[in-house]
Amino acid sequence: WDVLLNPIAGRISDRTVSRHGPRRPYVLWGGVWTGVFFAAMFAGVLGTSVGAPIWVVIVFTLSASAYAFFQVAFSAMPAELSDREDERRRLIGLRIMVMAAAILVTGALGPVLVSSDPDPLAGYRTMGLAVGALIAVGAVIAYVGTRRAPVPTAEPVSPPFREQLAMVARNRAFRVLLVAFVVQTAGIATVLAGVNYFANDVLADGLAQTTLFLAFVAPAILIMPVWQLV
């Protein structure tokens, strides 16, 4: 779904004319709605009925859709905030550190919140509300924090999608970067999914997810300043 929606979200953002710029409205509302749908995904409104998986699929897709608009706009902003490479590098490095910290907090505290209530459904509801609120607050901070940033001009006419694909096909460096990104993303997703499986089915200890998340994510926060220097 991301593969289909993200380019569309990018084209919509490029063409948006707003006094807040073409990116910030999507950073705000895309992030807030991501948090709302995330909380709804774990709300268990249909309990354990036959329709429960359908509810999760629908709300998860809505959450992913909102996140697509947030992510595309948010990722495009550093290149538009400054034309200096060192400033953009610091922006992106700090962003990755904050993102890793958020993953660390939610990944480590999630299992604790779920197990804090004898009723698993109530525990998941608490976790969903807490993480959903964190997502929404993060979006608001990103929106407010860039209120004085330069406002780029929208692109009312952008190349057709087929032409954009042709441009990508001609750019060898971008193709290499794209392949590396796909491989990296698949690897990270596999490890993150494995953390849950390993904790529950091998160690038979749901709270072990907290320790495993700390071991997996904390080094990213510690090493990022070093990478920036390199």
Checklist entry - Pairs in or reaching into residues 73-113: which pass ring-ring contact (aromatic ring centres under 6.0 Å, His included), with residues at least two apart or in two chains? => result Phe70-Phe74
Next on the checklist: Taking atom CZ as the centre, does Arg172 end up with more than 12 heavy-atom neighbours from other residues, nucleotides or ligands that are less than 6.0 angstrom away?
Outcome noted: no
Between [atom1] of [X] and [atom2] of [Y], what distance do you get to the nearest 0.5 Å?
| X | Y | atom1 | atom2 | answer |
| --- | --- | --- | --- | --- |
| Ile221 | Met99 | CD1 | CE | 10.5 Å |
| Asn6 | Ser75 | CG | OG | 8.5 Å |
| Met41 | Phe60 | CE | CZ | 6.0 Å |
| Ser13 | Met77 | OG | CE | 9.5 Å |
| Ser65 | Ile8 | OG | CD1 | 10.0 Å |

Next on the checklist: Pair Thr61, Trp1 - check side chain to side chain donor-acceptor pair (under 3.5 Å), show working.
Outcome noted: CA-CA 8 Å; Thr61 303; Trp1 182 231; over 6 Å; no
Please confirm whether the backbone N or O of [Y] pairs with a side-chain atom of [X], one donor and one acceptor, at under 3.5 Å?
| X | Y | result |
| --- | --- | --- |
| Arg125 | Gly44 | yes |
| Ser116 | Leu113 | yes |
| Arg88 | Ala79 | no |

Item to check | Cluster check Ile135, Leu62: I/L/V/M/F/W/Y, side chain < 4.5 angstrom | outcome: yes
Item to check | Evaluation steps, salt bridge (charged side-chain N to carboxylate O under 4.0 Å, His left out), between Arg23 and Asp14 | outcome: CA-CA 8 Å; Arg23 314 297 180 198; Asp14 287 342; 3.0 Å; yes
Checklist entry - Considering all heavy atoms of both residues, which atom of Ala64 and which atom of Asp2 are nearest to each other, and what is their separation? => result O-OD1, 4.2 Å
Item to check | Residue pair Ala218 / Leu104: nearest heavy atoms and the distance that separates them | outcome: N-CD1, 4.0 Å
With a 3.5 Å cut-off and sequence neighbours excluded, list the donor-acceptor pairs that the side chains of residues 178-192 form with protein atoms.
residue : atom : partner : partner atom : Å
Thr185  : OG1  : Phe181  : O            : 2.8
Thr190  : OG1  : Ala186  : O            : 2.7

Next on the checklist: Under the rule for ring-ring contact (aromatic ring centres under 6.0 Å, His included), what residues qualify as partners of Trp33, not counting sequence neighbours?
Outcome noted: Phe37
